[in-house]
Peer 1: 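Take this structure, written in structure tokens, and hold onto it; I'll ask about it next.
Sequence positions, counted from 1, serve as the residue numbers for this chain.
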Amino acid sequence: VIDPAHGGADTGARGASGVQEKDVVLHFATLLRDLLQRQGLRVVLTRQFADNPSADDRAAAANAYRDAIFISLHAASTGRTGTARCYFDGTPPRGPLPAAAPLAWDRAQEPFALASQRLATLIQAQLHQAFSGSPAEPQAAPVRPLRNVAAPAVAIEVSSVSVRNREPLDAMALPLAEAVARAISAFRGGAG
Ligand SMILES: [Zn+2]
């Protein structure tokens, strides 16, 4: 499940020249979808056009499937253009998980914390190779929309929308898709 963040009236980050995060991430998401589909994966986008689904609706798109992977795409207004970072939800677990009772919606991510961290580590290693200046390790962050996802879930953020024109940013879309595709294939091929 690929989640192009923001959308509709929510533009996300905006650069001085008018580059908007919601448009950039939709472009990235479309390319990533096409590449993953060519690898034989079933891919769902949480939004296709100018809409802005709620965080719950985005999570529900992933929670509808068994064995899903959730990837949220963002573009920052800061950071060196041509770099990319991967995040997993670093919210500390709120006590032991219940054995039988259904898990509260906002704790859906907790059982997947380790898997998400492993996925983020694989993705960041690829991003580090593909985009020089990118960190080698992913970061834990309280990423609110990931918290409701009952699947391995990460957010990827590229820099930056404060470019004069979108070309250097759009040029990242294919290498990013290839990096994520390699990481997913390593993730699926590994334990689990
Ligand atoms: Zn964003």
Side-chain angles (χ1 to χ4, degrees), residues 1-37 41-65 68-79 81-91 104-109 112 116 119-120 123 127 138-139 141-177 179-181 184:
V1 175
I2 305 172
D3 174 43
H6 312 285
D10 173 13
T11 61
R14 270 184 304 180
S17 63
V19 178
Q20 299 187 341
E21 179 178 7
K22 66 170 183 178
D23 301 325
V24 171
V25 294
L26 191 57
H27 171 70
F28 276 64
T30 307
L31 225 125
L32 177 58
R33 177 193 60 196
D34 294 349
L35 192 79
L36 293 176
Q37 278 175 343
L41 294 175
R42 179 170 178 203
V43 183
V44 174
L45 295 193
T46 57
R47 71 175 170 99
Q48 303 259 19
F49 305 106
D51 48 340
N52 180 24
S54 69
D56 283 356
D57 285 347
R58 293 171 195 258
N63 298 351
Y65 300 99
I69 287 177
F70 184 88
I71 297 176
S72 188
L73 296 174
H74 291 261
S77 58
T78 56
T81 295
T83 60
R85 291 156 304 280
C86 191
Y87 301 90
F88 55 95
D89 182 41
T91 310
W105 181 244
D106 64 346
R107 297 187 67 186
Q109 178 59 201
F112 298 92
S116 296
L119 177 62
I123 291 176
L127 296 175
Q139 289 176 51
V143 188
R144 163 66 176 75
L146 301 183
R147 212 175 297 169
N148 298 346
V149 178
V154 300
I156 299 173
E157 180 186 66
V158 299
S159 290
S160 112
V161 293
S162 50
V163 283
R164 238 176 242 289
N165 64 67
R166 271 178 57 174
E167 273 164 47
L169 202 50
D170 285 344
M172 294 177 72
L174 184 59
L176 183 125
V180 171
I184 287 179

Peer 1: Answer whether the closest heavy-atom distance between the side chains of D56 and N148 falls below 4.5 Å.
Peer 2: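 In short, these two side chains touch, coming nearer than 4.5 Å.
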Peer 1: Counting neighbours of CZ on R14 that are heavy atoms of other residues, nucleotides or ligands and sit closer than 6.0 Å, is the number greater than 12?
Peer 2: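 Incorrect, the count does not exceed 12.
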Peer 1: Please report the closest heavy-atom contact between S77 and V161, naming both atoms and the distance.
Peer 2: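 Closest approach of S77 to V161, heavy atoms only: CA-CG2, 3.7 Å.
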Peer 1: Report yes if some heavy atom in the side chain of I69 is under 4.5 Å from a heavy atom in the side chain of V1; otherwise report no.
Peer 2: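 I69 does not reach V1 side chain to side chain.
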Peer 1: Start with the C-alpha distance between L26 and R47, add both sets of side-chain angles, then the distance that settles side-chain contact (heavy atoms from CB on, under 4.5 Å), and finish with yes or no.
Peer 2: CA-CA 8 Å; L26 191 57; R47 71 175 170 99; 4.0 Å; yes
Peer 1: Of all heavy-atom pairs between V143 and A155, which one has the smallest distance, and what is that distance?
Peer 2: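 Taking V143 first and A155 second, the nearest heavy atoms are CG1-CB, 4.3 Å.
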Peer 1: Does D51 use its side chain to pair, donor to acceptor, with the backbone of P53 at less than 3.5 Å?
Peer 2: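 No, the answer is negative, given that no donor and acceptor are paired below the 3.5 Å cut-off.
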Peer 1: Is a side-chain donor-acceptor pair under 3.5 Å present for N63 with R58?
Peer 2: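 No donor-acceptor contact under 3.5 Å links the two side chains.
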Peer 1: Do you know which two heavy atoms are closest between R164 and S17, and how far apart they sit?
Peer 2: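 Closest approach of R164 to S17: O-OG, 3.1 Å.
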Peer 1: Please check if the side chain of S160 supplies one atom and the backbone of T81 the other of a donor-acceptor pair under 3.5 Å.
Peer 2: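 Not confirmed, S160 side chain does not pair with T81 backbone.
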Peer 1: Looking only at heavy atoms, what is the nearest atom pair of A29 and I2, with distance?
Peer 2: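 Heavy atoms only, the tightest pair is CB-CG2, 3.7 Å.
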Peer 1: Going from CG on L169 to CZ on F28, what distance comes out if it is rounded to the nearest 0.5 angstrom?
Peer 2: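 Reported to 0.5 Å precision, the distance equals 5.0 Å.
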Peer 1: Without hydrogens or angle criteria, can the side chains of T91 and Q109 be said to hold a donor-acceptor pair below 3.5 Å?
Peer 2: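 There is no such pair (donor and acceptor under 3.5 Å, judged by atom type) between the side chains of T91 and Q109.
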Peer 1: Show your reasoning for whether side-chain contact (heavy atoms from CB on, under 4.5 Å) applies to V24 and H27.
Peer 2: CA-CA 5 Å; V24 171; H27 171 70; 5.9 Å; no
Peer 1: Does any non-hydrogen side-chain atom of Y87 lie less than 4.5 Å from one of I156?
Peer 2: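 A side-chain contact under 4.5 Å is absent here.
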Peer 1: Could you grab the distance from atom OG of S72 to atom CG of D89, nearest 0.5 Å is fine?
Peer 2: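 Reported to 0.5 Å precision, the distance equals 11.5 Å.
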Peer 1: Could you tell me whether D170 and R166 make a salt bridge, using a distance below 4.0 angstrom between a side-chain N and a carboxylate O?
Peer 2: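 R166 and D170: salt-bridged.
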Peer 1: Could you go through the side-chain contact (heavy atoms from CB on, under 4.5 Å) check for L36 and L32 one step at a time?
Peer 2: CA-CA 6 Å; L36 293 176; L32 177 58; 3.8 Å; yes
Peer 1: Looking only at heavy atoms, what is the nearest atom pair of A59 and W105, with distance?
Peer 2: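 Result for this residue pair: CB-CZ2, 4.2 Å.
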Peer 1: Take H6 and H74 through the side-chain contact (heavy atoms from CB on, under 4.5 Å) test and state the conclusion after the steps.
Peer 2: CA-CA 8 Å; H6 312 285; H74 291 261; 3.6 Å; yes
Peer 1: Between S159 and R85, do the side chains contain an N or O donor and an N or O acceptor separated by less than 3.5 Å?
Peer 2: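 Yes, side-chain donor-acceptor contact under 3.5 Å.
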Peer 1: Should L73 and P4 count as side-chain neighbours, where that means a heavy-atom distance under 4.5 Å?
Peer 2: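 Of all side-chain heavy-atom pairs linking P4 with L73, none is under 4.5 Å.
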Peer 1: At their closest point, which heavy atom of M172 faces which heavy atom of A84, and how far apart are they?
Peer 2: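 Nearest pair, atom of M172 first, then A84: CE-CB, 4.4 Å.
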Peer 1: When you compare the side chain of R42 with that of Y65, does any pair of heavy atoms fall below 4.5 Å?
Peer 2: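 Yes, their side chains come closer than 4.5 Å.
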Peer 1: Measure the spacing between CD1 of I184 and CD1 of I123 and express it to the nearest 0.5 Å.
Peer 2: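 Taking CD1 in I184 and CD1 in I123, the distance rounds to 6.0 Å.
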Peer 1: Quick check against the 3.5 Å criterion: does K22 have a side-chain atom that pairs as donor or acceptor with the backbone of A5?
Peer 2: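 Side chain of K22 to backbone of A5, a donor-acceptor pair under 3.5 Å: no, none is there.
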Peer 1: Between the side chain of E21 and the main-chain N/O of G12, is any donor-acceptor distance below 3.5 Å?
Peer 2: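 Side chain of E21 to backbone of G12, a donor-acceptor pair under 3.5 Å: no, none is there.
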Peer 1: Using side chain to side chain contact (heavy atoms under 4.5 Å, CB included) as the criterion, point out the one residue from V149, L146, T46 that pairs with D3.
Peer 2: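 Testing D3 for a side chain to side chain contact (heavy atoms under 4.5 Å, CB included) against V149, L146, T46 leaves exactly one candidate, T46.
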